[in-house]
Amino acid sequence: MNTILLINGPNLNLLGTREPEKYGSATLKDVEDAMQEQCESHGAKLLCFQSNSEGAIVDRIHQAKTENVDAIIINPGAYTHTSIAIRDAFLSVSIPFIEVHLTNIFAREAFRHHSYLSDIAKGCIIGLGVDGYRLAAEFFLTRQ
Ligand code: CA2
């Protein structure tokens with residue numbers, strides 16, 4: 001495993017600054033720094049990307065193919081439940097990815113119960129807060 005890309009979708013730039021009771025108190029920078037260290041300790045490179053825009057996330061997934069990214073860890077935020085475009089982008093690049101959600105989407109509103117990505121993901125980590133990102137990286141760094 002040489003290169004992992006971490007993608008965070010809409011509103012996740014606010015992590016640690018609002019609604020800490022729901023999403024925890026770690027910031028996105030805290031998450032990215034910790035994963036950077038984790039990947040470096042395994043001799044791998046981590047690329048980080050956050051966007052509030054669906055098209056920018058699609059473009060970043062396409063770019064990953066040209067960069068020879070080996071694996072993607074994504075929290076697609078609310079696009080999880082709406083985006084056929086992000087699903088199609090993953091299908092077009094065939095890069096293995098893990099879908100991460102901070103909260104247990106099945107314990108929330110019904111509209112969050114469906115994901116356009118889960119059935120094409122390598123796996124999903126849901127409801128474990130920011131630990132989910134670390135566990136996803138651990139999988140790719142040690143088992144893929
Ligand atoms: O549980 C998750 O990780 C979600 O992907 C979070 C999304 C939500 O739409 C999904 O259904 C589940 C919302 C992200 C909002 O992020 C914030 C972080 C801090 C403060 C406010 C929003």
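Just so you know, ligand 1 is whichever comes first in the structure, and atom 1 is the first atom listed for that ligand.
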Requested in this report: Report the C-alpha distance between E32 and K29 in whole Å, list the side-chain angles of each, state the deciding distance to 0.1 Å, and finish with yes or no for salt bridge (Lys or Arg N to Asp or Glu O under 4.0 Å).
Outcome: CA-CA 5 Å; E32 291 175 346; K29 185 172 184 314; over 6 Å; no

Query - Closest protein heavy atom (residue, atom, distance) for atom 7 (C) of ligand 1 - result: G77 CA, 3.8 Å

Query raised in the report: Between R60 and S51, do the side chains contain an N or O donor and an N or O acceptor separated by less than 3.5 Å?
Result: no

Query - Min heavy-atom dist K22 to ligand 1 below 4.0 Å - result: no

Requested in this report: Please determine, by modelled atom types, if Q50 and N52 share a side-chain donor-acceptor pair under 3.5 angstrom.
Outcome: yes

Report task. Mind jotting down which residue pairs meet the ring pair (Phe, Tyr, Trp, His ring centres under 6.0 Å) criterion with at least one end in residues 71-90? Sequence neighbours excluded, please. Result -> F90-F97

Query raised in the report: Backbone or side chain, does any N or O of L102 fall under 3.5 Å from an N or O of ligand 1?
Result: yes

Query raised in the report: Run the side-chain hydrogen bond (donor to acceptor under 3.5 Å, both in side chains) check on E99 and S115 step by step: do they pass?
Result: CA-CA 10 Å; E99 177 183 349; S115 164; 3.0 Å; yes

Report task. Test H42 against E40 for side-chain hydrogen bond (donor to acceptor under 3.5 Å, both in side chains), laying out the working first. Result -> CA-CA 5 Å; H42 284 83; E40 269 170 29; over 6 Å; no

Report summary line: Among non-hydrogen protein atoms, atom 11 (O) of ligand 1 lies closest to H81 NE2, 2.7 Å

Query raised in the report: Can an N or O of T80 be found at a distance shorter than 3.5 Å from an N or O of ligand 1?
Result: no

Query raised in the report: Tell me, which protein residue and heavy-atom name are nearest atom 8 (C) of ligand 1, and how many Å apart are they?
Result: R112 NH1, 3.3 Å

Query raised in the report: Which part of T17 is near ligand 1, with near meaning a heavy atom under 4.0 Å away: side chain, backbone, both or neither?
Result: neither

Report summary line: Numbered in order shown, the ligand 1 atoms found under 4.0 Å of a heavy atom of L14 are 19 (C), 20 (C)

Report summary line: For A78, the ligand 1 atoms with a heavy-atom partner under 4.0 Å come out as 9 (O)

Query raised in the report: Where's the contact between N11 and ligand 1, heavy-atom distance under 4.0 Å: side chain, backbone, both or neither?
Result: both

Query raised in the report: To which protein heavy atom is atom 4 (C) of ligand 1 closest, and what is the distance rounded to 0.1 Å?
Result: H101 ND1, 3.6 Å

Report summary line: min-distance protein heavy atom vs atom 21 (C) of ligand 1 -> E19 OE2, 3.6 Å

Query - Distance from atom 1 (O) of ligand 1 to nearest protein heavy atom, with residue and atom - result: T103 OG1, 2.5 Å

Query raised in the report: Are any of the N or O atoms of Y23 closer than 3.5 Å to those of ligand 1?
Result: no

Report summary line: Per-atom filter on ligand 1: closer than 4.0 angstrom to a heavy atom of I105 are 12 (C)

Query raised in the report: Based purely on interatomic distance, does R18 place a nitrogen or oxygen under 3.5 Å from a nitrogen or oxygen of ligand 1?
Result: no

Query raised in the report: Shared ILVMFWY cluster between Y133 and M1, side chains joined below 4.5 angstrom?
Result: yes

Query - Cluster link V69 to I86, ILVMFWY, side chain under 4.5 Å - result: yes

Query raised in the report: What's the verdict on side chain to side chain contact (heavy atoms under 4.5 Å, CB included) for I4 and L47, showing C-alpha distance, side-chain angles and the deciding distance?
Result: CA-CA 6 Å; I4 297 176; L47 306 172; over 6 Å; no

Query raised in the report: Does atom CD of E37 have more than 12 heavy-atom neighbours, drawn from other residues, nucleotides or ligands, at distances under 6.0 Å?
Result: no

Query raised in the report: Does ligand 1 have any atom sitting under 4.0 Å from a heavy atom of L12?
Result: yes

Query raised in the report: Will you find, in the side chains of T3 and E67, an N or O donor that is under 3.5 Å from an N or O acceptor?
Result: no

